[in-house]
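Below you'll find the structure, written out as structure tokens, and then a few comments.
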Amino acid sequence: PRLVNLIRFEGGAKYNADAITHVHIEDLVFEHTRMTVSHVSARTDEDSAILMQGAEDCVVRGNLFRNIAGYGVRLHLDCDDNLITENTMTRTGGGGVILTSSLAGWSSLLETDPALFSLTPSGNIVSRNHIYDCGKLRKYNAGVHIDSRHSSAPLPAPNVIEENYIHHMTRNGIFTFLRQPGIIRNNHIHDFLQESSDGGGIHTAPQNFNLSDVTLVIENNLVHDGAGPWYRGEDETGIHTSSHKAYGIYLDVDTSHATVTGNIVYNVASSLINVHDGQNIDIINNILTSDAAWLSYTDAEGNPQVTTTDTAMLFLNDGYNMTDITFYDNIIYCASPNTDVYAFQSYDSGALSADRNILGAGGELWVRRNLDNTYLASSLSNWQTYSGGLDSNSSTANPQLLDDAQPENGLSSSSPIFSVAQNFIPPTPNAYAQLNTADWVVDDAELGLSSPWSEILTDATDYGAGHHTSITTGSSATYPLGVR
């Protein structure tokens, strides 16, 4: 391969040119691009088959991206109101779609001209794409990645990520980073964090606790089966610790001013929702379950691995910034006893407001404090007393899911949540119900994998050629390449 980009848009401020408008790229196959090295940030893959700069009101629809070195599509700088839809992206070196400004990661500059610092993609829609089996070269990736916004850039219109089917990813399903607002809804994400730790099906890290205009909406997503290889480190006392650091919805690094509603999250190794030092977060009307079965899977070297839920159903990694976390009208359920329903890092009694929830783990309610690994409560009444009245109207009753193993199949009409909650609306993720993914299945023959990766991508031996491995869950079903 000789080309890093197969199509480039060079419009807008960077090129002192007018915006490139109303271009449609449809029904094409993109493959075999060249990999570059020395990117300014490990989080931010700069390679892409299509690079759009200064694009407005353009459409990328119905294309197949396969065996490419980086992402399928990259929207860079002043890209506004574009639509990326109904594409299949698979066997990529990075991820599916990435949006970048002049800033990458925490502080690295993709563009050094101060005149470009104010530019960031705005009002774009990434919708109804099938993104899977990605991260062959760079393991830090996402199906859809909205990277950092420079502090000089004005607030953009939220970019919308909706109705995508994302699975079998080495890292995140969807990732948003520094100072970026967003709307993430109706996506189906599963089998993520296959070759990395400390991420999530939906992972946000905007560090926006003092930026009330930077808002996030995470609604009606179906997120499940995230294992995460073992992560080993040391805690603040020097004690060696291990966990999978896999989270279903991961509100990381001071994520604030967020609404998390109508989501179904289950079978994720560390916790189903992790709130890390955020403020003003409403977690309402979600279903969070685990069957406590072992999640077994095959790692990148072909070795069988085993994991359990090792943190909690809801983990509040509370610190000096955490305030105004609302947890109302949710279902947390695990059929097995001795499962931690809540876990806190230190426990600040003023950070959480919680009530009208179904909180059950075999009829028990265990609450743990990680800092000294002590239990604050082992029953609902213990918890109500210890917390000074939290969950005073909650219940540990069985929520009567129609299928404990697949909570997206619905609830019995006699479920106690309808009397416990104020206005519970059963989540119905549209992406799971409506996407006709059978039309998008691409098998090995269609992928044209007769050539090994080392012949397709330059420098592949330096970065690991990567290969697909099957995933096996507690249901003992094996899912080969393609749609589960």
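Computation of the quantities below employed the complete heavy-atom set of this structure, encompassing side-chain atoms and omitting hydrogens, waters and symmetry-equivalent molecules.
- Residues passing the salt bridge (Lys or Arg N to Asp or Glu O under 4.0 Å) test with Glu162 are Arg185, sequence neighbours excluded.
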Decide yes or no on side chain to side chain contact (heavy atoms under 4.5 Å, CB included) for Asp198 and Tyr250, but give the supporting numbers first. CA-CA 9 Å; Asp198 197 18; Tyr250 189 9; 2.8 Å; yes
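- Asn221 places a side-chain N or O within donor-acceptor distance of the main-chain N or O of Asn187, the cut-off being under 3.5 Å.
- Counting heavy atoms from C-beta outward, Asp191 and Tyr132 have side chains that stay 4.5 Å or more apart.
- Relative ring orientation between His188 and His190 is described as tilted, the plane-to-plane angle lying within the 30° to 60° band.
- Residues Glu219 and Thr259 bring no donor and acceptor atom of their side chains to less than 3.5 Å of each other.
- Ring pair Phe177/Trp106 is perpendicular by interplanar angle, where above 60° counts as perpendicular and below 30° as parallel.
- No donor-acceptor contact under 3.5 angstrom links the side chains of His257 and Asn208, judged on distance only.
- No close placement of the Phe65 and His130 rings is indicated, their centers lying 6.0 Å or farther apart.
- Side-chain contact of Thr85 with Glu163: a donor-acceptor pair under 3.5 Å is absent, judged by distance alone.
- Side chain to side chain, Asp391 and Asn357 meet the donor-acceptor criterion of an N or O pair below 3.5 Å.
- Inspection of the Arg356 and Tyr328 side chains reveals no N or O donor paired with an N or O acceptor under 3.5 Å.
- Side-chain contact of Thr100 with Arg74: a donor-acceptor pair under 3.5 Å is present, judged by distance alone.
- His276 and Asp252 share a donor-acceptor pair across their side chains, judged by distance under 3.5 Å alone.
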